[in-house]
Amino acid sequence: ATAAQTQAGIARYRLVESRVVDSRGIWVRPTETTPAAIAATLDRLAAAGINIVFLETFYHGYTIFPSETAARNGVETQRPQFAGFDPLQVWVDEAHARGMELHAWVENFYVGNDALGGPGPILSVHPEWAAVEREDVGKSGPQPSNQERGYYFLDPAIPEARQYLLDIYTEMLSRYAIDGVHLDYIRYPISLPLQNSFSYSDYSRTAFEARYGIDPYTITPEGNPSQWAQWVAWRQNNINTFVEAVRESIATTRPAAALSAAVFPDEFESKIRKLQDWEFWAQQGWLDFLTGMSFGRSPESVAADTTAMLEAVDGKALIYTGIYSPFNGQPPEAMVAQIEAIRAVGGHGVALFDWTHLTEAHQAALREGPFRMTADAPHSRPAKVVATGLTDLRRRIDAVYLPQGCIDARTATPLRNRLNEIAGALERADRGQGNSRAAIEHTRRRLAGLTDLMSRHPINDALLQRLRDEIALYDSILGYTLTEK
């Protein structure tokens with residue numbers, strides 16, 4: 001019975017669409033301490049269809065690689081479990097050998113945890129860089145957050161703390177062929193209710209008072225609404241300018257690398273509770289993609305989060321929704337249903353949290369279902385990626401839609417010709433032949449014409465809607481390329 005159920009499950013997964021243009025990311029905390037162990041993990045990830053690894057590279061204040069920046073600042077130079085070994089170099093080399101992208105996942109301002117030894121290596125040496133909770137003003141030494149129990153944070157306003165992080169990231173970008181920097185904890189600690197708000201360090205209080213003429217410790221939302229709005233905006237801007245600085249570091253150090261961020265989809269949760277204005281970052285063109293952390297357990301909840309983020313970024317960044325079904329202990333079919341729901345509303349891909357909780361059953365479901373076909377992530381050479389998608393659509397016309405009677409030969413011929421033309425133009429744009437921006441804009445107009453062409457020919461209604469959705473996905477990817485980074 002078990003074998004029969006397994007086969008039935010596989011059969012169901014094989015009915016799920018597998019796209020050739022798709023982000024299939026996963027968050028990975030490394031535990032491997034040998035090259036062979038890293039290679040074995042990447043073999044399993046590749047077999048499951050993963051094409052982006054978000055490798056936790058800077059967390060709890062430590063780098064996994066031996067850091068010259070840390071050494072210059074008197075900070076412990078590497079996470080102790082990796083001493084004498086450079087795992088980041090091996091992860092990069094082995095991921096690339098398997099055709100996978102390796103993005104350095106960094107935890108930014110979250111740098112210590114009471115459960116793991118206290119303030120951590122940075123604040124142990126530089127306690128003056130600590131974020132200070134309102135109720136902890138006057139206490140000696142770094143104090144953990146009360147809302148995020150036991151977590152220690154750097155103050156995002158303090159120039160020396162910001163520069164330290166930027167130097168760490170610039171070092172990563174210059175020494176390793178990473179494909180991107182993935183920002184996590186790119187925010188203040190939870191800052192509601194009032195007594196738990198951050199940060200009231202001496203530096204932040206002095207800097208804010210110098211600009212606005214009032215000590216933020218003396219104001220409240222109710223008693224000083226206009227000054228409180230300035231205090232909120234001032235802290236949000238500290239995060240904004242840090243994201244911009246990371247983008248500038250990438251531009252000067254490794255321009256081909258992507259910048260992304262793990263963020264909270266809900267506007268109140270992000271902008272007010274955590275002072276994280278990711279919508280502004282996207283509008284400024286600083287980000288390539290966002291992984292909205294969608295903690296809900298249902299397909300409807302992740303679809304709603306995806307829709308909200310797509311509307312907020314307005315085509316300026318791609319959306320790879322982060323889903324937590326493996327972490328939540330949900331079965332593989334729940335994970336697959338969430339992936340399908342994200343695709344149905346126009347999401348550009350997914351990120352799975354996390355490798356530690358991705359069981360063999362989850363991996364099999366991905367391998368047989370939504371990740372069955374090899375795919376390219378949309379942010380990577382978008383013109384080429386969309387050309388690949390259109391070429392695959394042309395293949396499906398001949399191999400699937402014509403034989404199944406969803407489309408007739410008279411309809412297939414002009415579609416096939418138009419697809420060939422557009423794919424060729426995109427491949428030329430990818431090779432840098434001619435004005436690529438003009439080519440992309442022209443191609444988007446041709447895609448719109450393709451949708452009109454399909455509407456004028458007899459095509460099965462279900463197939464017509466599917467093709468419209470696919471063309472809309474490709475159009476949104478091309479539109480993102482027109483945002484200046």
Side-chain angles (χ1 to χ4, degrees), residues 17-25 51-52 258 282 288-290 306-307 309-311 313-321 339-340 342-350 370-371 373-401 406-407 411-412 414-431 434 436-455 457 459 462-483 485:
E17 180 186 8
S18 184
R19 308 194 303 196
V20 299
V21 177
D22 200 20
S23 160
R24 301 166 179 178
N51 58 16
I52 302 176
D288 293 282
F289 60 88
L290 285 157
T306 303
T307 298
M309 294 196 70
L310 286 167
E311 291 175 353
V313 302
D314 191 27
K316 302 297 195 304
L318 302 173
I319 301 300
Y320 303 164
T321 305
I339 293 172
E340 290 189 287
I342 289 164
R343 291 174 171 178
V345 296
H348 303 100
V350 299
F371 294 179
M373 296 179 67
T374 301
D376 294 319
H379 69 271
S380 177
R381 298 175 65 182
K384 180 179 183 297
V385 168
V386 172
T388 298
L390 294 174
T391 300
D392 183 69
L393 175 52
R394 186 184 61 200
R395 176 195 65 80
R396 279 180 276 134
I397 287 173
D398 293 329
V400 181
Y401 306 145
C406 299
I407 190 172
T411 302
L415 281 180
R416 193 185 296 114
N417 292 339
R418 184 70 62 86
L419 290 168
N420 285 340
E421 173 195 335
I422 297 173
L426 287 170
E427 288 166 355
R428 290 190 293 275
D430 176 68
R431 293 193 297 268
S436 59
R437 184 180 184 89
I440 294 298
E441 290 172 340
H442 176 71
T443 298
R444 294 186 74 192
R445 291 193 293 272
R446 298 295 284 168
L447 282 175
L450 182 62
T451 302
D452 293 339
L453 177 66
M454 291 188 299
S455 300
H457 286 77
I459 300 177
L463 175 60
L464 180 60
Q465 186 58 53
R466 179 172 176 171
L467 295 179
R468 284 174 172 166
D469 290 345
E470 185 171 354
I471 296 303
L473 175 73
Y474 297 152
D475 179 69
S476 70
I477 294 169
L478 293 175
Y480 141 82
T481 69
L482 300 177
T483 301
K485 301 298 175 197

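Predicted model only: the values in this text are computed from it and were never measured. What you see below is based on every heavy atom in this structure, not just the backbone, and it leaves out hydrogens, waters and symmetry mates.
Of all the heavy atoms in Y480 and K316, the pair that sits closest is CD1-O, 4.0 Å. The two atoms that bring I339 and V350 nearest to each other are CG1-CG1, 4.2 Å, heavy atoms only. Residues A423 and A387 approach most closely at O-CB, 3.7 Å, considering heavy atoms. The shortest heavy-atom contact between Y320 and S23 is CD1-OG, 3.1 Å.
Taking 4.0 Å as the cut-off between side-chain N and carboxylate O, D376 and R381 do not count as a salt-bridged pair. Using a cutoff of 4.0 Å between basic side-chain nitrogens and carboxylate oxygens, R343 and E17 are not scored as salt-bridged.
Without hydrogens or angle criteria, R396 side chain to Y401 main chain gives no donor-acceptor distance under 3.5 Å. Distance alone, capped at 3.5 Å, places no donor-acceptor pair between the D22 side chain and the M373 backbone.
The CG atom of N417 sits 11.0 Å away from atom CD1 of I422, with the distance rounded to the nearest 0.5 Å. Put simply, OG1 on T321 and CG on L290 are 10.0 Å apart, with the number rounded to the nearest 0.5 Å.
Looking only at side-chain heavy atoms (C-beta outward), L419 and L450 come within less than 4.5 Å of each other. The shortest distance between side-chain heavy atoms of L478 and L447 falls below 4.5 Å.
Using modelled atom types and a 3.5 Å distance limit, the side chains of D469 and Q465 yield a donor-acceptor pair.
Using bins of under 30°, 30° to 60° and over 60° for the plane-to-plane angle, the ring pair H379/F289 lands in the tilted bin.
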Quiz item: Going through the checks in order, is the salt bridge (Lys or Arg N to Asp or Glu O under 4.0 Å) test met by R466 and E470?
Solution: CA-CA 6 Å; R466 179 172 176 171; E470 185 171 354; 5.4 Å; no
